Amino acid sequence: MSDQNTPAKADAKAESSGGAYRATLNMPDTAFPMRGDLPKREPGWVKEWNEGGLYKRLRDARQGAPLFVLHDGPPYANGKLHIGHALNKVLKDMIVKSRQLAGFDAQYIPGWDCHGLPIENAIEKLHGRNLGRDDMQAKSRAFATEQIDQQREDFKRLGVLGDWERPYRTMDPANEAGEIRAFKRVIERGFVYRGLKPVYWCFDCGSSLAEFEIEYADKQSDTLDVAFETDDAGKLAAAFGLGALPAGKTAFAVIWTTTAWTIPANQALNAHPELTYALVDTPQGCLVLAESLVEKCLERFGLSGQVLATAQGAALGGLNFRHPLFDVDAGYRRLSPVYLAEYVSDGDGTGIVHSSPAYGLDDFNSCVANGLAYDDILNPVQGNGTYAADFPLFGGLHIWKAVPVILDALKNAGRLLATVRITHSYPHCWRHKTPVIYRAAAQWFVRMDEGEGVFTKDKAPKTLRQLALDAIDHTSFYPENGKTRLRDMIANRPDWCISRQRSWGVPVPFFLHKDSGELHPRTMDIMDQAADIVEKGGIEAWSRVTAEDILGAEDAAHYTKSTDILEVWFDSGSTFWHVLRGSHAHAYPNGASHAQGPEADLYLEGHDQHRGWFHSSLLLGCALYDRAPYKGLLTHGFATDGQGRKMSKSLGNTVEPQSVTSKLGAEIVRLWVASTDYSGDLNIDDKILARVVDAYRRIRNTLRFLMANTVDFDPATDAVPLEQMLEIDRYALARASELQADILRHFDVYEFHPVVSKLQVYCSEDLGAFYLDVLKDRLYTTAPKSLARRSAQTALHQITHAMLRWMAPFLSFTAEEAWTHFAGAKNQGSIFFETFLPLPTPNEGLLAKWARIRAIRDLANKAIEDVRTAGQVGASLQATLTITAGADDAALLCSLGADLKFVTITSAVTVVDGESLAVAVTPSSATKCERCWHYTDDVGQHTEHPTLCGRCVSNIAGAGETRAHA
């Protein structure tokens, strides 16, 4: 094996070789330092990019080029950046830069999500919970502004290029107004309605939640089997084909639930019309249970029993049972009718489901379908989680604390047959990580399926669900499995609740009639008026407007101004409309013409956004103009620790990007992102970062070697035409061209970890262990302006140009630093003004030939290493080789002529015909040349240069040696 198979070792060889003839060598030289010293140098580049207006100059340079738009999913303006933020923004930056280098006008407008509950929570922690709306809005705006300023500096420090001086913020008045106009358009297309409906409700938020804001976690609950006494024993007996119940016995329908707190609000029971139910005689009375569950239920109740009769569920419809607390308090003296419902099953429980229609969607739908009026639905649970103060028995109690009280009441009433504590998966608020409930509330919804909306004047051609599913089929997904995930979510999601009962957000600018609840007939005009007011003064201006200001005194007496706001997913989900078409339309010259088409080439976020931003954006794009607002969706995993665990302060396994940047440099964060497969979670810890640092050094050292050996090369005067270049140089360009084609294919589908992997292999194997290893003799020892050296420099110069562009999307600081040293007078100030270098079409024959030569060379290197290990030779140049090869291999090797020894980095090679490939190594008996270190018989034959070989004499005092191949 060669003793100089890395660029760093090659530099060391050049520095130490030559002795008295050192001045005659072409010493590598570059101002590009070996040490990156990233934490100290990177801030200078950030400052230069920002103060020099690099992003704007790039836009000016690309005017008229094809547009590429990666629309930024706005991070929330709350708290300092974590490693997940860094991962997301760096990945976006790499994609935008790779498209920029591909010749596109690659736009990137950073954005922030500014409204909503997390900021309100932060303000309440700082200033208390009883702030007025105006005060909350003012403090929230100031807080979000402060958070954005902090986050923006951290994003810049990561080397992310974008329009940082003019980002979009959902709280900017132009965006707030644009959102109102988008909302108006959704109404006009028939998708918006108001309804009483159970929606997810978070007590900590004090507001409804969207489906996107729910996550599931384990929760402990008490199960309970509760008996509802029949109100008419005769009718029940008849339903089971009996003349009467057994003497002295009463009968009960038994339900099973995990939500004890809903029992006080029970208003009905549900049975499946096609299930078979049994009437079971037990010591506790006759129990109505699903026949298939009788044995399990009796075991759970600790009872024995006998089935008296069975009946189909349909026979039970219309029977009445008494609330289990009927005899405890007059407030519960009501009946629960049996409704027939398809959602009931005998998979567990008792086969009968109790209905509290305010607290369950299926219960609500069943009760309403059977004639229960909205006004008659019991809804005692308040927004803070407590029962209304006047609610019988449990008034003022929080529902979670009321559970043991309810269990005791049922037990004392003789209606609790069994209870068990279980752990089960339960919906939680994804912000507060606390359990949520379904709670009926009058809200504004976006309709997924058929129905009539208010003020419809341009009805959509299909339902929103159909439009969204169609749009998914026309969207590219990276990775592809995201398509199934999003499709399943859209196919099964309920209507979208878009209203919230908070202060800090875009208003729902409605006026509702005090008696009928109907919208004011001028609602569409009022929305235009509201948008204009907000555009001039922000949402605060609308908050100050009174009903009299808008409606006049006469109308105002009959209408109430809504205080609801649009939920934040409507904010961010509509940004394609109020940013790309509105506040930043100037940045997207084609955006205004996309009336019927997607405006963004790509949306990119973590895979949780299938239920979040991707989801809401898809629904609004389809609601507004029947299409998704994006052509492609890219999802990445989460940042996890080295063991794949979720990061948390309690585990002490968090990695702060600011800490990594200050110690190792942002470049290491960027290379970590680029080198990791983002389709899954991305592990990170100190050991992983240490490996990234090693990879960085290998790439930097290779780059430095390339630059150091082209410092005296001017392509305008020194470049050698391709057909005149030495064969190995033409091979090196063919290999670079082959690699570039591969890299660009990866960039086209937003893949980076294969690029980093292949670049590392290229630096260490193609260059360090082969081409540069072979090349160093020619670079250092031939005449400075000789064809042999200029041919090599021509290849190196093009490879350096290409390599700087390959690495620029992820190693942006390093590529920029190297560019300033390498590009010279042609430097426009940044590598990012460039495009990927056109390289010669790969010569397949040349690639195949040299691939075989390299394989034979690897065999020779192993043979040399074996002899070196035995102590028979030192450096490979001390060895002579005899290669026995078959006819094809022999011809291949012989085609290199005398240059074969330079390929094997030995002093002499003999090729012998034979049946199989073999390499014999013997120590050279010749004398070592002081200048080139080769062992040759002609050392000492030149009296003026007694320590040099003949070719070194020719190179420094004669016509120079001739190379043909290597």
Side-chain angles (χ1 to χ4, degrees), residues 224-242 244-246 248-257 259-260 262-273 275-282 284-291 293-294 297 301 303 305 308-341 343-344 346 349-360 362-363 366-367 369-372 376-378 392 406 409-418:
L224 54 162
D225 291 271
V226 182
F228 285 65
E229 183 181 359
T230 180
D231 189 56
D232 191 327
K235 287 184 179 180
L236 177 64
F240 280 96
L242 301 175
L245 296 179
K249 291 283 181 108
T250 189
F252 302 88
V254 184
I255 64 92
W256 177 89
T257 184
T259 55
T262 62
I263 291 291
N266 171 272
Q267 291 185 273
L269 302 177
N270 283 278
H272 195 289
L275 278 182
T276 300
Y277 290 86
L279 184 66
V280 187
D281 188 10
T282 78
Q284 294 292 322
C286 296
L287 308 182
V288 180
L289 304 166
E291 183 183 36
L293 295 171
V294 168
C297 287
F301 305 157
L303 297 174
L308 299 177
T310 61
Q312 293 297 104
L316 305 180
L319 296 178
N320 285 311
F321 291 81
R322 296 173 181 174
H323 192 282
L325 299 176
F326 189 92
D327 295 324
V328 177
D329 187 282
Y332 295 100
R333 194 154 295 178
R334 60 177 182 268
L335 301 181
S336 297
V338 175
Y339 297 142
L340 302 178
Y343 74 88
V344 178
D346 59 352
T350 65
I352 301 173
V353 175
H354 103 90
S355 286
S356 295
Y359 307 120
D362 288 328
D363 298 349
S366 173
C367 288
N370 281 278
L372 185 65
D376 293 332
I377 291 176
L378 297 175
I406 293 168
L410 292 170
K411 185 176 181 181
N412 293 335
R415 297 295 182 261
L416 184 64
L417 297 182

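Heads up: numbering here begins at 1 and tracks the sequence. Just so we're clear, the structure is a prediction, and the values are computed from it rather than from any experiment.
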Any donor-acceptor pair under 3.5 Å linking the side chain of H323 with the backbone of I263? yes
Set of side-chain hydrogen bond (donor to acceptor under 3.5 Å, both in side chains) partners for D225, sequence neighbours left out: R300
Can you find a heavy atom in the side chain of L269 that is under 4.5 Å from one in the side chain of V353? no
Enter the distance from L245:CG to L236:CG here, rounded to the nearest 0.5 Å. 6.0 Å
Check whether any side-chain heavy atom of V288 sits under 4.5 Å from a side-chain heavy atom of F240, and report yes or no. yes
dist L275:CG -> E291:CD (nearest 0.5 Å) comes out at 10.0 Å
Hey, what do you get for CG (N270) to OG (S366), rounding to the nearest 0.5 Å? 3.5 Å
Which value, rounded to the nearest 0.5 Å, describes the distance between L303 atom CG and L417 atom CG? 7.0 Å
Say whether, by atom type as modelled, one donor and one acceptor occur between the side chain of K249 and the main chain of T282 under 3.5 angstrom. yes
Any heavy-atom pair between the side chains of L287 and L279 that's under 4.5 Å? no
On a heavy-atom basis, which atom in L308 and which in C286 lie closest, and how many Å separate them? CD1-SG, 3.9 Å
Hey, does T310 have a side-chain heavy atom less than 4.5 Å from the side chain of Y277? no
Are the side chain of Q284 and the backbone of F252 linked by a donor-acceptor contact shorter than 3.5 Å? no
State, to 0.1 Å, how close F228 and R322 come at their nearest heavy-atom pair, and which atoms those are. CD2-O, 3.4 Å
Identify, with sequence neighbours excluded, every residue that meets side-chain contact (heavy atoms from CB on, under 4.5 Å) alongside A268. P337, Y339, S355, C367
Taking all atoms of both residues into account, what is the closest heavy-atom pair of A265 and L378, and its distance? O-CD1, 4.3 Å
Donor-acceptor contact present, side-chain E229 to main-chain P324, <3.5 Å: no
Side chains of T250 and T230: closer than 4.5 Å at any heavy-atom pair? yes
Find out whether D231 and L319 are in side-chain contact, i.e. whether some heavy atom of one side chain is under 4.5 Å from a heavy atom of the other. no
Nearest 0.5 Å, what's the OG1-CD1 distance between T257 and I352? 13.5 Å
Spacing of CD belonging to Q267 relative to CG belonging to D376, to within rounding of 0.5 Å: 7.5 Å
With side-chain contact (heavy atoms from CB on, under 4.5 Å) as the criterion, how do V226 and W256 come out once you've worked through the C-alpha distance, each side chain's angles and the decisive distance to 0.1 Å? CA-CA 6 Å; V226 182; W256 177 89; over 6 Å; no
Closest approach of R334 to G331 (non-hydrogen atoms, all atoms of both residues): NH1-O, 3.2 Å
Side chain proximity check, F321 to V338, heavy atoms < 4.5 angstrom: yes
Which is it for D362 and V344 under the side-chain contact (heavy atoms from CB on, under 4.5 Å) test, yes or no, and what are the steps along the way? CA-CA 9 Å; D362 288 328; V344 178; over 6 Å; no
Can a donor-acceptor pair be found, under 3.5 Å and without considering hydrogens, that links the side chain of T350 to the backbone of V254? yes
Between I377 and L372, is there a side-chain heavy-atom distance shorter than 4.5 Å? yes
Minimal heavy-atom distance between P246 and D281, with the atoms involved, is CG-OD2, 4.4 Å
Identify the two heavy atoms, one from A260 and one from P264, that lie closest to each other, and give their separation to 0.1 Å. O-CD, 3.5 Å
Judged by modelled atom types alone, do S336 and N266 share a side-chain donor-acceptor pair under 3.5 Å? yes
Residues at least two apart in sequence or cross-chain that pass side-chain contact (heavy atoms from CB on, under 4.5 Å) with D329, listed by chain then number, are Y332, P392, L393
Pair R415, D327 - check side-chain contact (heavy atoms from CB on, under 4.5 Å), show working. CA-CA 11 Å; R415 297 295 182 261; D327 295 324; 4.2 Å; yes
